[in-house]
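Below is one structure, written out as structure tokens; the observations come after it.
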Protein chains: 2
Amino acid sequence: MLKKRKAKRRSGCPLNASVEMLGDRWSLLIIRDMMVRGSRTYKEFLESDEGIATNILADRLQKLVAHGIVTTEPDSSDGRKLNYLLTAKGIDLAPVLTEMVLWAAAHEDTGNQALVRQMQADKEKFLAGVRRRWAKSHSLRT
Amino acid sequence: MLKKRKAKRRSGCPLNASVEMLGDRWSLLIIRDMMVRGSRTYKEFLESDEGIATNILADRLQKLVAHGIVTTEPDSSDGRKLNYLLTAKGIDLAPVLTEMVLWAAAHEDTGNQALVRQMQADKEKFLAGVRRRWAKSHSLRT
DNA sequence: TATATTCACTTGCTTTTCACAAGTAAGATG
DNA sequence: CATCTTACTTGTGAAAAGCAAGTGAATATA
């Protein structure tokens, strides 16, 4: 399979750059799974409530890796497993996710009120927590 | 045309709700045009750098209205024009857009550095500005 | 007032992406 | 060794995106 060299941007606007990397119905949910649910493997992502299709998941993971948001490393105790981990760039998406969660929680009837209340109570504290958890468990690569 | 009653959510997660409303390659760009470029009409949206197709624009505007993010009102001085305006819910997306812009600006090579620097300098001030501009020029409807 | 132009879309068609079901290969387990 | 698990790939139909052209009402222009 031939991989494209450099998908040219539709515009130079930073929002457009974000949208081109994350603007679909799955990418941010995968990142959420890594960030708040601690998912690491293909199988764990598949088990999420939203029910992503296997081929779409493979495609999105590959794109997230290509964009430098996620890295992979083989699991040391099980040769079949590949661990997907957030890079520093990926962790920096925490504020984006937070604002999206708070917006939906404010304007829609949604579940997961535990997470929402935690974010509402102290956004910065929540973000610090995410960063700390990730800094601890892995050496972050760029 | 029959409109669907209530597109059931894939999950109750607030992030999923956001993604189902905004997770595509155009919706947030339309909101950006309203929020920071002051676009109001179909034609103005079409003129954006990214080059949205006419049928996609019509579809996205309709969905944004359906989600209560945008409202319409006829232009008082030109009967052909329809003005699209952000609702309070739409304006509340300002922090989401801001974080997405700052993230891309930090990790990608993008343009529009003027806007970025303004956001970096004082996020809260920028957000207050957006809110003030919108509160002034229209009565916000829910 | 007739004509051209603008505005906000539709329509039709092709291409791309999504979704579902099934299959496969490498590694682990009993 | 046989079976199971994990991380995918492949095939197919359906849905959505993208492009070009067209429509109809309102407005500007000659």
Side-chain angles (χ1 to χ4, degrees), chain A residues 1-4 7-11 16 19-30 33-34 38-67 70-85, chain B residues 1-4 7-11 16 19-30 33-34 38-67 70-85:
Chain A
M1 199 235 283
L2 202 54
K3 84 168 72 163
K4 25 184 128 145
K8 57 186 165 306
R9 296 245 168 83
R10 296 175 300 186
S11 85
N16 181 59
V19 159
E20 290 193 354
M21 286 184 274
L22 307 167
D24 70 87
R25 297 171 88 68
W26 295 108
S27 299
L28 286 169
L29 296 177
I30 293 170
D33 284 347
M34 301 183 75
S39 301
R40 285 183 162 58
T41 65
Y42 188 88
K43 194 188 168 230
E44 286 172 323
F45 297 125
L46 272 186
E47 284 162 357
S48 251
D49 288 344
E50 290 88 5
I52 189 171
T54 57
N55 55 344
I56 306 291
L57 175 58
D59 178 77
R60 285 314 109 92
L61 285 170
Q62 185 185 300
K63 280 178 180 158
L64 289 172
V65 169
H67 286 133
V70 163
T71 7
T72 51
E73 64 176 34
D75 190 288
S76 52
S77 68
D78 186 336
R80 292 167 302 180
K81 288 187 183 170
L82 231 198
N83 287 311
Y84 289 91
L85 304 170
Chain B
M1 197 237 278
L2 201 54
K3 84 169 74 163
K4 29 184 124 141
K8 56 183 167 306
R9 296 246 167 82
R10 295 176 300 186
S11 85
N16 180 59
V19 159
E20 292 194 352
M21 286 185 273
L22 307 168
D24 70 89
R25 297 170 86 67
W26 296 109
S27 299
L28 286 169
L29 296 177
I30 294 170
D33 284 347
M34 302 182 74
S39 301
R40 287 184 160 57
T41 65
Y42 187 88
K43 195 191 167 228
E44 287 173 322
F45 297 124
L46 272 186
E47 283 162 356
S48 251
D49 288 344
E50 291 86 8
I52 188 170
T54 57
N55 55 345
I56 307 292
L57 175 58
D59 177 77
R60 283 318 107 91
L61 285 170
Q62 186 185 301
K63 280 178 180 159
L64 288 172
V65 169
H67 286 133
V70 164
T71 6
T72 51
E73 64 177 32
D75 190 287
S76 51
S77 67
D78 186 336
R80 290 168 303 181
K81 287 187 183 169
L82 230 198
N83 288 311
Y84 290 90
L85 304 170

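We name chains A, B, ... by the order of the sequence lines, and we start the count at 1 in each one. Basis for what follows: all heavy atoms, side chains included, without hydrogens, waters or symmetry-related copies.
- A58(B) is linked by a side-chain contact (heavy atoms from CB on, under 4.5 Å) to Y42(B), counting only residues two or more places apart in sequence or in another chain.
- The interatomic distance linking L57(A) (CG) with dT17(C) (C1') rounds to 16 Å, in whole Å.
- Listed by chain and residue number, D75(A), R80(A), K81(A) satisfy the side-chain contact (heavy atoms from CB on, under 4.5 Å) test with D78(A) (two or more places apart in sequence, or in another chain).
- Within the structure, every side-chain polar atom (N or O) of W26(A) is placed at least 4.0 Å from both OP1 and OP2 of dC18(C).
- Residues passing the side-chain contact (heavy atoms from CB on, under 4.5 Å) test with A66(A): none are found, sequence neighbours excluded.
- No side-chain donor-acceptor contact under 3.5 Å links E44(A) to the backbone of D33(A).
- Residue contacts for Y84(A): at a heavy-atom cut-off of 4.0 Å it reaches the sugar-phosphate backbone alone, with no base atom in range.
- Here the closest heavy-atom approach between residue R10(A) and residue L29(B) is recorded as NH2-CD1, 3.5 Å.
- Contact between the side-chain N/O atoms of K43(B) and the OP1/OP2 oxygens of dC7(C) is found at a separation under 4.0 Å.
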Item to complete: Encode nucleotides 22-30 of chain D as B, S and - characters from 5' to 3', where the letter depends on protein heavy atoms closer than 4.0 Å: B to the base, S only to sugar-phosphate, - to neither.
Response: ----BS---

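- The nearest whole Å value for the distance from the CG atom in L61(A) to the P atom in dT9(D) is 10 Å.
- What separates CG of D59(B) from C1' of dA17(D) is a distance of 10 Å, to the nearest Å.
- When distances are taken from the side chain of I56(B) to each of dA7(D), dC9(C), dA17(D), the shortest belongs to dA17(D).
- The nearest whole Å value for the distance from the CZ atom in R60(A) to the C1' atom in dC8(D) is 15 Å.
- Rounded to an integer number of Å, the gap from R25(B) CZ to dA17(D) P is 11 Å.
- Rounded to whole Å, the distance from CG on D24(B) to P on dA15(D) is 19 Å.
- For Y42(A) and dA26(C), the OH to P distance is 17 Å, given to the nearest whole Å.
- The residue among N55(A) and N83(A) whose nearest nucleotide of DNA chain D is located toward the 5' end is N83(A).
- Applying the side-chain contact (heavy atoms from CB on, under 4.5 Å) rule to D24(A) yields the partners W26(A), S27(A), R60(A); only residues at least two apart in sequence or on another chain are considered.
- Taking the salt bridge (charged side-chain N to carboxylate O under 4.0 Å, His left out) definition, one finds that D59(B) meets it with K63(B), sequence neighbours left out.
- Atoms CZ (R40(B)) and C1' (dC7(C)) sit 17 Å apart, rounded to a whole Å.
- The shortest distance between the side-chain N/O atoms of K81(A) and the OP1/OP2 oxygens of dT6(D) is not below 4.0 Å.
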